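See structure below.
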Amino acid sequence: MGWNVHLPKAEWYRPEDLTANGCALLTPLLNELKATRDVSIDTETTGLNIVKDIPLFWSMAWGERRMCMPAATMNLFREIFADEDKRWIFANAKYDMHILNNVGFTLEGSCCDSAVMHALLYEEQPHGLKDMAREVLGWKWTDFKNTFGLSEKKEGAVAEALFRAEKENLQLLIEYAANDAYGTLKIYEKLKKELEDTNTYSLYPSEFATMGDIFFKTEMPYTKVLWGMERKGITIDRQYLKDIEGPCQARIKEVERDIVRLAGRPINPNSPLQLRDIFFNELKCRPLKYTKGGKSGTKAPSVDYDFLHYYRNEIPLAAALLEHRDLTKLDGTYIQGLQNRVDSANRIHSRFNQDVARTGRLSSSDPNLQNVPTTENDKFKVRGAFIPQDGCDLIVVDYAALEMRLLAAAAMDPLMIQIFLDGKDIHMGNAEMVFGRKVGMDYEEIKAAKKIDGKVKQGELPPEAMTDRVHMALQFRQRIKTIAFGLNYGMRENKLARDLGITKDEALALMEEYMATYPAVSQFYESAIKETEQTGYSFTIIGRRRYHPEILSNRDMERFGAQRQAVNNQIQGGAADVVRFAQLGIDAACLEERFGCRMLLQVHDELVFECPKETVEEAKPVIRQLMEHPFFTDLAVPLDVSLASGPSWMNAK
DNA sequence: CGGCCTCGCGCG
DNA sequence: AAAGCGCGCGAGGCCG
């Protein structure tokens with residue numbers, strides 16, 4: 001094993017050990033636990049599935065005690081689990097909380113995830129327990145696989161390995177498991193101090209003076225909120241998926257036949273290698289760009305969406321491949337993928353990861369529900385398969401232009417803020433300010449143009465309604481939208497020119513017009529970079545830090561990359577702050593107790609709830625209020641959400 | 001064969 | 001010379 005630190009004795013208790021002689025061992029243990037706030041727990045389980053797997057052994061540590069026990073002892077600790085003042089320490093808290101809940105245990109206290117603490121301080125490092133132990137504590141620690149010789153990956157292999165270890169090498173198992181909890185506790189103690197010693201700058205300095213405040217006041221409670229969402233899951237209409245599966249697969253078959261016919265020979269449409277051969281050797285196409293090239297560093301002409309799209313009219317094979325990619329992705333990832341993941345109650349339980357995105361956003365996995373195709377882009381409408389449970393509607397709530405609002409607030413640009421105060425659409429407002437004023441086109445005319453466009457598309461107005469003036473208004477809006485988003489991401493004139501189909505000089509001129517209209521925004525981009533150069537980090541509204549060590553790099557690519565991240569982090573991260581606070585507020589408002597309304601999904605600027613039909617209209621204004629006023633005091637820019645409800649994620653109006 | 005990488009692409 | 005942020009996933013390809 002190679003332990004290179006002094007460790008307290010690893011204790012081992014079976015249920016009968018604890019209860020013998022009138023609980024002679026258990027009673028003092030419980031008394032000691034009752035007097036302790038910070039206790040760490042880890043579980044050794046049958047596997048990694050948060051719905052199905054159960055604990056076989058578990059370990060606890062507090063102070064200088066560390067112990068391992070069979071799962072059967074858990075019952076003896078119920079009163080401790082029910083203690084609301086406990087702070088339970090985990091590495092990957094939500095996972096262990098699921099495993100405990102799978103056998104009927106719920107923890108009432110706070111749930112503190114050392115991996116989330118670690119992510120706040122060391123975003124660039126991995127946050128696995130063994131990784132953290134190595135980096136934070138200097139422990140050399142063999143992982144589960146190498147400790148217990150887990151060779152095969154089949155169902156039940158983990159359980160088998162654990163039971164074999166219990167029989168053949170109990171001391172090893174005890175040491176290993178006890179250290180999972182003990183190491184977690186030691187990592188927590190060290191990171192807690194580091195977080196509390198790290199000052200930060202926040203819009204709410206009395207609430208958030210250090211990173212410790214950020215962790216203990218927002219991240220730690222958030223873990224439990226997210227756990228609740230994962231636990232509930234969301235209902236999937238399996239019949240709906242079955243119903244779209246046939247037509248989708250039939251169409252894939254058809255397109256595959258077309259591809260073979262158009263290529264003149266059987267090919268694998270998913271193989272970039274084979275596609276390159278056809279497009280560049282046989283058809284002599286001009287490469288638009290080259291792939292990055294991996295370990296070998298060999299760059300190859302790209303056959304991505306942009307390439308195929310460019311040739312879609314000239315070469316029918318390109319168009320067929322585009323459709324094939326669309327459909328196979330849809331079928332594999334969603335139509336099949338979601339069906340494979342429903343539990344016995346027809347619900348899927350996505351994981352909301354708190355320690356992945358560098359900006360403070362969540363990520364979603366197993367399955368990822370944050371990239372389900374939107375209805376406009378999906379002819380089979382997978383979102384229609386996400387439904388509420390019986391008697392309920394889904395409530396879908398979206399922030400309108402959240403990132404642009406945070407840009408306006410961060411920059412304190414009076415003109416842009418005024419657009420929001422007037423309740424206007426930001427892209428129309430920008431279009432008026434930057435382009436419209438020069439040609440005597442005001443906000444109302446742009447708004448009317450958008451409406452006309454919609455009606456023509458619906459067939460409610462004849463195509464002649466699309467006058468040159470209407471086209472101009474629409475183009476103004478689209479262009480300013482591309483510019484505004486692009487600048488938040490640090491886009492340069494080259495890319496803008498390509499996106500808008502104009503010259504580099506024209507693109508540069510457009511960007512300059514935008515900046516001239518909103519000088520404070522321009523100033524914000526500049527000072528964001530300057531400040532990061534001085535301090536080495538950027539921060540969000542509540543003071544969540546992100547380090548940008550490459551901001552002073554001599555290599556242009558690295559330095560420019562860090563500049564883009566420093567700018568974007570404040571906007572994307574600020575938006576993440578807003579949504580996180582909204583979710584905490586919603587959780588604290590007990591919507592489930594009041595309305596039976598349950599928060600199920602978060603998709604960055606959107607929340608999805610499930611609510612009994614009869615209380616939907618009562619819950620809506622409460623949700624709106626909480627989401628539009630997430631902080632102690634309001635920002636300089638009003639927040640605005642759109643609320644919809646209905647029988648599915650697709651049909652919410 | 002598993003493990004790991006790249007590519008390509010879905011979402012905000 | 002290079003230049004759009006943040007994610008996760010399925011499939012193919014490559015390596016040991």
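Throughout, a chain's letter reflects where its sequence line sits, starting with A, and its residues are numbered from 1. Only a predicted model underlies this, so the values are computations on that prediction, with no experimental measurement involved.
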Base, sugar-phosphate alone, or nothing: which one does A:Val356 contact when heavy atoms must sit under 4.0 Å apart?
->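 The answer is sugar-phosphate, as A:Val356 gets under 4.0 Å only of primed atoms, P, OP1 or OP2.
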Remember a base hit wins even if backbone is also touched, and classify A:Gly332 as base, sugar-phosphate or nothing at under 4.0 Å, heavy atoms.
->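 Touches nothing.
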N/O (side chain, A:Gln565) to phosphate O (OP1/OP2, C:dG6) under 4.0 Å |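 For C:dG6, OP1/OP2 do have a side-chain N/O of A:Gln565 under 4.0 Å.
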B:dC9 phosphate, OP1 or OP2: any side-chain N/O from A:Arg325 under 4.0 angstrom?
->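 For A:Arg325, the contact criterion (side-chain N or O under 4.0 Å from OP1 or OP2 of B:dC9) is met.
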How far apart are the C-alpha atoms of A:Asp53 and A:Thr46, what are their side-chain angles, what is the distance that settles it, and do they pass the side-chain hydrogen bond (donor to acceptor under 3.5 Å, both in side chains) test?
-> CA-CA 5 Å; A:Asp53 284 309; A:Thr46 50; 2.7 Å; yes
Given atom OH of A:Tyr399 and atom C1' of B:dC11, what is their separation to the nearest angstrom?
-> 19 Å
Can you name the residues that form a side chain to side chain contact (heavy atoms under 4.5 Å, CB included) with A:Asn494, not counting sequence neighbours?
->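 A:Asn494 satisfies side chain to side chain contact (heavy atoms under 4.5 Å, CB included) with A:Lys504 once adjacent residues are dropped.
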Contacts of A:Gln475 that satisfy side chain to side chain contact (heavy atoms under 4.5 Å, CB included) - sequence neighbours left out |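 Once residues adjacent in sequence are excluded, the partners of A:Gln475 under the side chain to side chain contact (heavy atoms under 4.5 Å, CB included) criterion are A:Arg479.
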When you measure from every atom of DNA chain C, which of [range] have a heavy atom less than 4.0 Å away?
range: residues 549-563 of chain A; value: A:Met557, A:Phe560
range: residues 372-384 of chain A; value: none
range: residues 575-585 of chain A; value: none

Would A:Glu254 and A:Arg251 pass as an ion pair if we require N to O under 4.0 Å?
-> yes
Who pairs with A:Tyr514 by ring pair (Phe, Tyr, Trp, His ring centres under 6.0 Å), at least two apart in sequence or on another chain?
->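 Checked A:Tyr514 against ring pair (Phe, Tyr, Trp, His ring centres under 6.0 Å); matches are A:Tyr518.
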